[in-house]
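One structure is given below, encoded as structure tokens.
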Amino acid sequence: MTKTLRVEYSPELSGLVGLYGFGRDPLGSLEKVQRLHGDAVLFGQFKQKNVIFSDPDAVEAMLVGRHAEFTKDLFTKDLSLLLGTGLLTNEGDAWKAKRKLMAPSFQPREIAAYGETMVACAE
């Protein structure tokens with residue numbers, strides 16, 4: 001069964017005011033707009049329209065089931081000048097090859113081995 005998400009505009013994330021607020025408290029900003037506008041939030045930055053999805057089924061569909069239909073945003077693509085061509089900046093077959101190399105590190109038993117460190121860093 002396919003769920004339909006209603007996309008709502010967020011003035012809280014849009015423009016310079018939104019960018020400033022996000023920069024001061026990224027997680028708090030995202031929590032606030034989800035609470036106010038739901039699981040699909042539209043906002044604008046620098047003439048670009050963006051949508052943030054927080055619905056787990058929608059995220060899975062984009063990252064797994066329908067990933068070929070989506071491309072990286074211009075900001076992320078431009079990061080390749082600074083970061084090189086890795087998982088964050090690559091797309092298509094180049095991304096698949098790098099993802100396959102990384103896959104063993106993301107198996108449950110591997111993640112469990114450094115889980116305590118991740119929790120300590122998050123806290």
Side-chain angles (χ1 to χ4, degrees):
M1 180 174 153
T2 303
K3 183 189 321 183
T4 301
L5 294 177
R6 191 174 120 195
V7 179
E8 287 196 21
Y9 176 73
S10 168
E12 299 85 3
L13 286 178
S14 296
L16 291 176
V17 172
L19 190 59
Y20 177 74
F22 180 81
R24 291 193 66 198
D25 185 10
L27 293 177
S29 295
L30 295 176
E31 288 174 345
K32 178 181 178 180
V33 297
Q34 182 192 22
R35 191 172 56 254
L36 292 172
H37 304 292
D39 288 330
V41 178
L42 171 71
F43 69 100
Q45 285 296 338
F46 306 109
K47 298 182 182 180
Q48 183 175 342
K49 300 291 183 207
N50 304 283
V51 179
I52 297 175
F53 291 97
S54 53
D55 176 77
D57 295 332
V59 173
E60 181 179 14
M62 285 183 287
L63 296 178
V64 180
R66 300 174 65 181
H67 63 88
E69 298 175 39
F70 297 91
T71 60
K72 306 280 185 187
D73 63 283
L74 295 175
F75 177 79
T76 303
K77 288 179 181 181
D78 286 346
L79 283 175
S80 65
L81 299 171
L82 180 65
L83 302 176
T85 54
L87 280 177
L88 178 63
T89 57
N90 259 330
E91 294 182 293
D93 291 339
W95 177 87
K96 284 181 187 176
K98 291 185 185 303
R99 176 64 180 91
K100 189 174 183 179
L101 287 173
M102 296 298 297
S105 298
F106 293 96
Q107 297 302 312
R109 71 174 178 276
E110 295 297 323
I111 291 174
Y114 46 83
E116 285 182 29
T117 303
M118 291 184 344
V119 169
C121 289
E123 290 176 340

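Residue numbers count from 1 along this sequence. Note: hydrogens, waters and symmetry copies are ignored here, and every other heavy atom, side chains too, is used.
Side-chain heavy-atom separations under 4.5 angstrom define the hydrophobic clusters, and the remaining members of the one that includes F75 are L79, L82, L83, L88.
Taking every heavy atom of both residues into account, V33 and S10 meet most closely at CG1-OG, 3.2 Å. The heavy-atom pair separating S80 from T89 by the smallest distance is N-CG2, 3.6 Å.
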Pairs under 3.5 angstrom only: tabulate donor-acceptor contacts from the side chains of residues 40-51 to other protein residues two or more places apart or in another chain.
residue	atom	partner	partner atom	Å
Q45	NE2	L13	O	2.7
Q45	NE2	G15	O	2.8
Q48	NE2	N50	OD1	3.3
N50	ND2	Q48	O	3.4

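Under the side-chain contact (heavy atoms from CB on, under 4.5 Å) criterion, V17 pairs with no residue, sequence neighbours left out.
Taking the side chain as every heavy atom from C-beta outward, L87 and R99 approach each other to under 4.5 Å.
Taking CD from E91 and OG1 from T85, the interatomic distance works out to 12.0 Å, rounded to the nearest 0.5 Å. Rounding to the nearest 0.5 Å places OH of Y20 at 4.0 Å from CZ of R24. Separating the CZ atom in R35 from the OG atom in S54 is a distance of 12.0 Å, to the nearest 0.5 Å. To the nearest 0.5 Å, atom NZ of residue K96 and atom NZ of residue K98 are 15.0 Å apart. The line from CG of L30 to CD of E12 is 11.5 Å long, rounded to the nearest 0.5 Å. Put simply, NZ on K32 and NE2 on H37 are 8.5 Å apart, with the number rounded to the nearest 0.5 Å.
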Should I52 and Q34 be marked as a side-chain contact (heavy atoms from CB on, under 4.5 Å) after you check the CA-CA gap, both sets of side-chain angles, and the distance that decides it?
-> CA-CA 9 Å; I52 297 175; Q34 182 192 22; over 6 Å; no
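For CG of L101, the number of neighbouring non-hydrogen atoms (other residues, nucleotides, ligands) closer than 6.0 Å is greater than 12.
W95 and M62 are not part of a single hydrophobic cluster, where members link through side-chain heavy atoms under 4.5 Å apart.
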